[in-house]
Amino acid sequence: MDLDLNAPHSMGTTIIGVTYDGGVVLGADSRTSTGMYVANRASDKITQLTDNVYLCRSGSAADSQVVSDYVRYFLHQHTIQLGQPATVKVASNLIRLLSYNNKRMLETGMIVGGWDKYEGGQIYSVPLGGTLLEQPFAIGGSGSSYLYGFFDQEWKKGMSKDEAEKLVVKAVSLAIARDGASGGVVRTVIINSDGVTRNFYAGDTLPLWHEELEPVNSLLDMSSPEPMSS
Amino acid sequence: MNSFASKEGPGTIQIDSERTLYPYVTGTSVVAIKYKDGILMAADMGGSYGSTLRYKSVERIKPIGKHSLLGASGEISDFQEILRNLDELILYDNMWDDGNSLGPKEVYNYLNRMMYNRRNKFDPLWNSLILGGVKNGEKYLGTVSMIGVHYMDNHVATGFGNHLARPILRDEWREDLTFEEGVKLLEKCMLVLLYRDRSAINKFQVAKITEEGVTVSEPYSLKTFWGFSAFQNPTKGAEGSW
């Protein structure tokens, strides 16, 4: 495999993290592929690190799982020592430490999102290489390529919780439409001072995009007078 | 004697046979000049991911202690790690509480050692660094590359800046530039880089360091010029050319 310095590794998945006025919304698709085969069509890529901090995983499933397991373990101990919930910044930095110090071996890009009482809702991006960047919103995974233009246009500061979640669902759904490595359902996790809410959007609850047709049970159920016109 | 005895400690496994890596999230040129009162440094705020202009608010110039500014191009994660190392260095220096503080000369030397030592292990920090500062009235401006090549000059640049900005600076730099003249000169360089460097973005920060201290400007964008008549219909009279 030739090393093309100009081509980033594309990673199966679409993951998104968005801050809104009061918290964050994390979103992801649910497709895990091994080569061309879809190994899991309903995976959960939004993983809990603590009660108030969650992680969106993309890239190698194994690498992202092991990193999140270590960080969950460290954060558990940290919370006990600290006597209060860990901050989002600390959780993100732990992810960064593992990503950076093992950059030769790992192939995973992650988005950390959560809420703490000091800084409120925050989103941190940890792409390949182990850079740590706080952002008002972040996108990652192979499907994110199709969303840069969308977010450049649609992102607004100070959205409400519902506006933010609608944006995330719309975006993941658009990415699924064009990215072969993304698919399945859209999962969202909303984190704020009140706690955590998990949502699930599938099939007919998602909008239809260009050249997509309304799904039916069978050709035979279609109400068109001439379903088999020549 | 077992000639295949491994030298690693308990539990460690050497997996990296070839340790020179490739960068992922990268910053492009940094340009810096000495001027009348100190140093001026400019860089855009882009973090590219291959050919994608992925991050557009990356601060690539940071103050170090009271007397220095560090600008970096190359892998952002390595730059962040360098900043952490320097933070620790400055902290330990402050803990002596002896009235002395690390100046640009010392920081520059530390950076040089750090970069060269990593290069010797075939495991470089993938950055080109510019270190500028003022201490006791003396101005310092130097650059250190990822392989440890280092030098000081009245004007320095990294990456594309070496090819596009330094020729301009060789022509137009003077010892007694005022702040305004210096900023205009740097902006001239950054504009050329914006036109001609594919990884440049139109969002800049300019930083100034003088004996008084450090200021890093708010992000801002420059107006670009496209009004050459030749731009209107460039292939007129030679259809099919470009």
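It should be emphasised that the depicted structure is a prediction, and the values quoted were computed from it without experimental measurement. Lettering of chains follows the sequences in order, A, B, ..., and the numbering in each one begins at 1.
Using a 4.5 Å cut-off between heavy atoms, A:I139 contacts chain B through its backbone alone, with no side-chain atom that close. Contact of A:S125 with chain B is made through the side chain alone, with heavy-atom distances under 4.5 Å. Contacts of B:D123 with chain A are made by side-chain atoms alone, with heavy-atom separations under 4.5 Å and no backbone atom involved.
The pair B:D87-B:R84 does not meet the salt-bridge criterion, since no charged nitrogen lies less than 4.0 angstrom from a carboxylate oxygen.
Between the side chains of B:Y108 and B:E106, no donor N or O sits under 3.5 Å from an acceptor N or O. In summary, the side chains of B:D44 and B:Q205 do not present any donor paired with an acceptor at a separation below 3.5 Å, with no hydrogens or angles considered.
Under a cut-off of 6.0 angstrom, the local environment of OH in B:Y195 is crowded, with over 12 non-hydrogen atoms contributed by other residues, nucleotides or ligands.
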